[in-house]
K.L.:
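Let me give you the structure first, and then I'll get to my questions.
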Amino acid sequence: MKFVGIVGTIAEKSYNRKLLEYIVKHYTEIAEIEMLDIKDVPMFNASKDQTNSEVIQNLNNKILAADGVILVTPEHNHTTTAAMKSVLEWLSFNVHPFENKPVLIVGASYFSQGSSRAQLSLRQILDSPGVNALVMPGNEFLLGNVKEAFDDNGELKDERTAGFLGSVLEKFAKWVEVLKALNTKEKEE
């Protein structure tokens with residue numbers, strides 16, 4: 001199984017980037033996960049269509065080829081980041097790689113509630129006409145108090161947290177398989 005992961009920040013030092021790096025490193029038995037970088041994605045501007053640019057087409061093609069997408073969102077002012085929003089705007093303007101694509105949302109924040117508001121906002125965006133992603137229902141991974149969550153080697157300190165993250169990823173992989181089977185059955189009929 002092949003997933004792509006996108007961190008919704010262009011900051012070089014990011015706990016959410018650290019979270020995705022942890023996922024990529026520790027859950028290889030669940031899926032091959034490729035991190036996609038969004039630092040070169042231009043701010044969305046419908047008047048200056050850049051859909052055919054190399055950076056947008058790379059994201060589009062990688063998402064289309066993946067079985068599922070993991071979006072890792074920081075929380076800025078109770079919502080997802082401008083960088084993540086801009087990426088989603090480009091990927092729902094003239095191309096639509098998220099349409100019927102399974103998506104898992106995770107995130108981390110400095111505060112105890114994790115990135116709960118950003119994840120809720122992101123779910124609404126992904127459900128919008130033109131995006132039409134299939135967001136995994138009922139499973140959230142909200143890493144709160146992230147400044148204390150990782151050790152100096154980038155490992156999650158709390159075994160229960162790591163175990164829960166693993167269970168969420170396993171459920172996502174199973175859900176992707178179910179959706180694939182349903183899609184195959186629909187094509188056969």
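These numbers come from a predicted model, not from an experiment. Throughout, numbering of the chain's residues begins at 1 and tracks the sequence.
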K.L.:
Measuring from atom NZ of Lys171 to atom CE of Met136, what distance do you get when rounded to the nearest 0.5 angstrom?
P.N.:
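Interatomic distance, Lys171 NZ to Met136 CE, rounded to 0.5 Å: 7.0 Å.
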K.L.:
Roughly how far, to the nearest 0.5 Å, is the CD atom of Glu99 from the CG atom of Leu134?
P.N.:
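So the gap between those two atoms works out to 9.0 Å.
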K.L.:
Looking only at the side chains, is there a donor atom on one of Ser14 and Asn16 sitting less than 3.5 Å from an acceptor on the other?
P.N.:
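Ser14 vs Asn16: no donor-acceptor pair found between side chains.
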K.L.:
Looking only at heavy atoms, what is the nearest atom pair of Gly8 and Ala83, with distance?
P.N.:
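Shortest heavy-atom contact: O-CB, 4.3 Å.
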K.L.:
Roughly how far apart are Leu88 CG and Leu122 CG, rounded to 0.5 Å?
P.N.:
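Nearest 0.5 Å value for the CG-CG distance: 6.0 Å.
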K.L.:
Indicate whether the side chain of Thr73 and that of Ser115 have a donor and an acceptor atom separated by less than 3.5 Å.
P.N.:
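Absent: no donor and acceptor within the cut-off.
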K.L.:
Hey, what do you get for CG (Leu156) to CZ (Phe164), rounding to the nearest 0.5 Å?
P.N.:
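Nearest 0.5 Å value for the CG-CZ distance: 12.5 Å.
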K.L.:
Could you walk me through whether Phe3 and Leu169 satisfy the side-chain contact (heavy atoms from CB on, under 4.5 Å) test, starting with their C-alpha distance in whole Å, then the side-chain angles of each, then the deciding distance to 0.1 Å, before giving a yes or no?
P.N.:
CA-CA 11 Å; Phe3 296 156; Leu169 289 164; 5.5 Å; no
K.L.:
Looking at Ile10, I'd like to know if its CD1 atom is crowded, meaning that more than 12 non-hydrogen atoms belonging to other residues, nucleotides or ligands lie closer than 6.0 Å.
P.N.:
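For Ile10, atom CD1 is not crowded (no more than 12 foreign heavy atoms under 6.0 Å).
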K.L.:
When you look at CD of Glu159, are more than 12 heavy atoms from neighbouring residues, nucleotides or ligands closer to it than 6.0 Å?
P.N.:
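At most 12 heavy atoms, drawn from other residues, nucleotides or ligands, come within 6.0 Å of this atom.
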K.L.:
About how many Å separate CG of Asn145 and OG of Ser109, when rounded to the nearest 0.5 Å?
P.N.:
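Rounded to the nearest 0.5 Å, the OG-CG separation comes out at 7.5 Å.
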K.L.:
Is there a side-chain contact between Ile56 and Leu91 in this structure, where contact means two heavy atoms from C-beta onward sitting under 4.5 Å apart?
P.N.:
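SC-SC contact between Ile56 and Leu91 confirmed.
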K.L.:
Please name the pair of heavy atoms, one in Ala133 and one in Val103, separated by the smallest distance, quoted to 0.1 Å.
P.N.:
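Scanning both residues completely, I find the closest heavy atoms to be CB-CG2, 3.8 Å.
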K.L.:
What heavy-atom pair brings Pro137 and Trp175 nearest, and what distance separates the two atoms?
P.N.:
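Between these two residues, the closest heavy atoms are CD-CZ2, 3.6 Å.
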K.L.:
Got Leu165 and Tyr27 here, is their nearest side-chain heavy-atom distance under 4.5 Å?
P.N.:
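Answer yes - side chains close enough.
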K.L.:
Taking all non-hydrogen atoms of both residues, which atom of Ser86 and which atom of Pro42 are closest, and how far apart?
P.N.:
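Looking at all heavy atoms of both residues, the shortest contact is OG-O, 3.2 Å.
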K.L.:
For residues Leu179 and Pro102, report the shortest heavy-atom separation together with the two atoms involved.
P.N.:
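Heavy atoms of Leu179 and Pro102 come nearest at CD1-CG, 3.7 Å.
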K.L.:
Under 4.5 Å between side-chain heavy atoms, counting indirect links through other Ile/Leu/Val/Met/Phe/Trp/Tyr residues: same cluster for Val135 and Met1 or not?
P.N.:
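No: no chain of side-chain contacts under 4.5 Å links Val135 to Met1.
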K.L.:
Is the ring pair Phe93/Trp90 parallel, tilted or perpendicular, if the boundaries are 30 and 60 degrees?
P.N.:
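Perpendicular: the ring planes of Phe93 and Trp90 meet at over 60°.
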K.L.:
Taking CG in Asn77 as the centre, count heavy atoms belonging to other residues, nucleotides or ligands within less than 6.0 Å. Is the count above 12?
P.N.:
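Atom CG in Asn77 is not crowded, with 12 or fewer foreign heavy atoms closer than 6.0 Å.
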K.L.:
More than 12 heavy atoms of other residues, nucleotides or ligands under 6.0 Å from CD of Glu148: yes or no?
P.N.:
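Above 12, so yes.
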K.L.:
With side-chain contact (heavy atoms from CB on, under 4.5 Å) as the test, would you mind laying out the steps for Ile125 and Ser121 before giving the verdict?
P.N.:
CA-CA 6 Å; Ile125 294 166; Ser121 171; 4.0 Å; yes
K.L.:
Check for me, please, whether Leu36 and Val24 land in the same ILVMFWY cluster - side-chain distances under 4.5 Å, paths through other members count.
P.N.:
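The answer is no; the residues belong to distinct hydrophobic clusters.
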K.L.:
Got more than 12 heavy atoms from elsewhere within 6.0 Å of NZ, Lys147?
P.N.:
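No.
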K.L.:
Starting at CG of Asn139, measure out to OG of Ser167 and round the result to the nearest 0.5 Å.
P.N.:
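Answer for the CG-OG pair, Asn139 versus Ser167, is 7.5 Å.
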K.L.:
Indicate, with yes or no, if Val72 and Phe141 share a hydrophobic cluster defined by side-chain heavy-atom contacts under 4.5 Å among Ile, Leu, Val, Met, Phe, Trp and Tyr.
P.N.:
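In one cluster with Phe141: Val72, yes.
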K.L.:
Membership question, hydrophobic clusters at under 4.5 Å side-chain separation (ILVMFWY): are Leu104 and Val131 in the same one?
P.N.:
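No: no chain of side-chain contacts under 4.5 Å links Val131 to Leu104.
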K.L.:
Who pairs with Lys85 by salt bridge (Lys or Arg N to Asp or Glu O under 4.0 Å), at least two apart in sequence or on another chain?
P.N.:
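Salt bridge (Lys or Arg N to Asp or Glu O under 4.0 Å) list for Lys85, sorted by chain: Glu89.
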K.L.:
Given the rule in the side-chain contact (heavy atoms from CB on, under 4.5 Å) test, do Thr9 and Arg17 qualify, once you have shown the distances and angles that lead to the verdict?
P.N.:
CA-CA 8 Å; Thr9 183; Arg17 185 175 315 284; 4.0 Å; yes
K.L.:
Could you give the side-chain donor-acceptor pairs of residues 60-71 under 3.5 Å, partners two or more places apart or in another chain?
P.N.:
{"unit_1": "Asn61", "atom_1": "ND2", "unit_2": "Gln57", "atom_2": "O", "d": "3.1"}
{"unit_1": "Lys62", "atom_1": "NZ", "unit_2": "Glu34", "atom_2": "OE1", "d": "3.4"}
{"unit_1": "Lys62", "atom_1": "NZ", "unit_2": "Glu34", "atom_2": "OE2", "d": "2.9"}
{"unit_1": "Asp67", "atom_1": "OD1", "unit_2": "Lys180", "atom_2": "NZ", "d": "3.1"}
{"unit_1": "Asp67", "atom_1": "OD2", "unit_2": "Lys2", "atom_2": "N", "d": "2.8"}

K.L.:
Kindly work out whether a path of hydrophobic side-chain contacts (I/L/V/M/F/W/Y, heavy atoms less than 4.5 Å apart) joins Leu20 to Leu59.
P.N.:
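Unlinked, Leu20 and Leu59 end up in two clusters.
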K.L.:
So, Lys25 and Glu155, do they make that salt bridge, N to O below 4.0 Å?
P.N.:
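Yes, this pair counts.
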K.L.:
Do any N or O atoms from the side chain of Glu75 and from the backbone of Arg117 form a donor-acceptor pair under 3.5 angstrom?
P.N.:
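Flag set: sc Glu75 to bb Arg117 pair under 3.5 Å.
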K.L.:
Which atom pair, heavy atoms only, marks the closest approach of Ser92 to Gly130?
P.N.:
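Where Ser92 meets Gly130 most closely, the heavy atoms are CB-O, 3.4 Å.
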K.L.:
Leu19 vs Val146, test: side-chain contact (heavy atoms from CB on, under 4.5 Å). Steps then yes/no.
P.N.:
CA-CA 9 Å; Leu19 175 59; Val146 71; over 6 Å; no
